[in-house]
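Here's the structure we're looking at; comments come further down.
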Amino acid sequence: MSIIEQMHQELQELKERSNLRSLPNMIHDGRDVVVGGHRMLNLSSNDYLGLAADRSLREEFLDTLTPDNFLPTSSSSRLLTGNFTVYDELEAELSHLFGTEAALTFNSGYHANTGILPAVSDTQTLILADKLVHASLIDGIRLSTARCIRYRHNDLTQLERLLEQHSTEYRQIIIVTESLFSMDGDKADLKALVRLKNRYDNVLLYVDEAHAFGVCGQHGLGCAEECGCISDIDFLVGTFGKAIASAGAYIVCRKVIREYLVNRMRTFIFTTALPPLNVAWTLFVVRKLSGMQQLREHLAHLGSLLQTALRERDYDCPSQSHIVPMIVGPSADTILRAEQLQRHGFYALPVRPPTVPEGTSRIRFSLTANVTEEEVKKLIEHIG
Ligand SMILES: *Cc1c(COP(=O)(O)O)cnc(C)c1O
């Protein structure tokens, strides 16, 4: 069979198992999406603070633009001629906010996670990664020459045992986790992870805050700020495409790590840097972050309302955040429930295997700060 015939066959099989994916047609209108002429409140977006839907914020930013600073391309890698001053300003702002020696920005979270681990690890490295880490981290691990063991989700007892078993066999061990997990909305115990790694002098900690940056902590710096352990995390990574309403990613770290990445990280070196215009927007939003505590508190309130309602209705709800899964179980039921909610004007999407384990199909509510308490209460009524 030719490779093209094989593609046809595989796609056909996906279709038969109701797992064929396609790009949805939709029109965005502020907080709403319009799908097939039907207007719904978007409860599936990563615009956690509602900043992407905030027209006045864009107006304010537009007022700062002139033809001289409206720069839609960097035309080069940052190591050649692509290093515009706005990059340095953003990195200075980040290291100032986090109180770290250095910061480095990347084109996306995917670039960050597929680039950092291969750069900093070798065959004498063991990576211990949470079972539920994001695909970009998995790909980073695959691209590295390190050996990897996945530990059960948030199972620090197993992690402790693995550290004991292997710490003398390897030059270094890197623990890799997310802080706030995207499918269950639960959090890693960062303080306990820091205590564990501090028992060894060859163990480093890598934390991905994609879903927590902007949302958690007094100044919106993430779960590490919330736990008071920013300076204990060796590779503290976050992204700008979610709560920050922009694109790109960062690491805050020691100077030596930054300099090493600039020299060794292939997804940093061999790509055209993000447009200065986009970086200016990121900086504009990041500078406002610490003043957005009311939005964070409102979002946390909405999250706990929905969690409580689900638990009262006997759902097993692992969420500790604004990401709230309603675990239904069978895929077909989940799809029906999602369609029901959509008919009532709530755009919530079903998540099925292989994204989540077999038998735990769910509707994943991703709440945003521009949703009202009344709307969440109405949603709860429709959950039944
Ligand atoms: C979204 C996400 C990424 C990828 O970030 P992009 O900027 O969208 O490429 C990485 N890690 C986690 C945990 C994410 O949720």
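Positions are given from 1 along the sequence. Just the heavy atoms: all of them, side chains too, but no hydrogens, waters or symmetry mates, feed the values below. When a ligand or atom number is given, it counts from 1 through the structure's own listing order.
Not a single protein heavy atom sits closer than 4.0 Å to atom 8 (O) of ligand 1.
Against a heavy-atom cut-off of under 4.0 Å, Ala210 is close to the following atoms of ligand 1: 2 (C), 11 (N), 12 (C), 13 (C), 14 (C), 15 (O). Every atom of ligand 1 with a heavy atom of His211 under 4.0 Å away is listed here by number and element: 14 (C), 15 (O). Less than 4.0 angstrom separates some heavy atom of Thr239 from each of these atoms of ligand 1: 5 (O). Numbered from 1 in the order shown, with element, the atoms of ligand 1 that lie under 4.0 Å from a heavy atom of Ser136 read 10 (C), 11 (N). In the vicinity of Glu178, heavy-atom distances shorter than 4.0 Å reach the ligand 1 atoms 13 (C).
Residue Asp208 has at least one N or O atom closer than 3.5 Å to an N or O atom of ligand 1. Residue contacts with ligand 1: Tyr110 is placed with a nitrogen or oxygen under 3.5 Å of a nitrogen or oxygen of the ligand (distance criterion only). Residue Lys242 has at least one N or O atom closer than 3.5 Å to an N or O atom of ligand 1.
No hydrogens or angles considered: nothing links the side chains of Asp208 and Ser179 as a donor-acceptor pair under 3.5 Å.
With respect to Arg258 and Glu91, a salt bridge is recorded, a charged nitrogen being found less than 4.0 Å from a carboxylate O. Between Glu226 and Arg296, no side-chain nitrogen of the basic residue sits less than 4.0 Å from a carboxylate oxygen of the acidic one, so the salt-bridge criterion is not met. The residues Asp232 and Lys197 are annotated as not salt-bridged, no charged nitrogen and carboxylate oxygen being separated by less than 4.0 angstrom.
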> Would Tyr250 and Phe98 count as a ring pair (Phe, Tyr, Trp, His ring centres under 6.0 Å) if you check the C-alpha gap in whole Å, the side-chain angles of each, and the deciding distance to 0.1 Å?
Replying inline: CA-CA 12 Å; Tyr250 64 86; Phe98 282 90; 5.6 Å; yes
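For Asn113, every heavy-atom contact with ligand 1 shorter than 4.0 Å involves the side chain, none the backbone. In Ser108, the parts holding a heavy atom less than 4.0 Å from any atom of ligand 1 are both the side chain and the backbone. Of all the heavy atoms of His111, none lies under 4.0 Å from any atom of ligand 1, so neither backbone nor side chain is involved.
No single ILVMFWY cluster, assembled from side-chain heavy atoms under 4.5 Å apart, contains both Val371 and Leu349.
Considering only non-hydrogen protein atoms, atom 6 (P) of ligand 1 sits nearest to Gly109 N, 3.3 Å.
Note: His344 and His382 have parallel aromatic rings, judged against thresholds of 30 and 60 degrees for the angle between ring planes.
Between the CD1 atom of Ile363 and the CD1 atom of Ile383 there is a distance of 7.5 Å, given to the nearest 0.5 Å.
Checked against Tyr206 for a side chain to side chain contact (heavy atoms under 4.5 Å, CB included), the options Ile175, Val133, Leu128, Ile174 give a single hit: Ile174.
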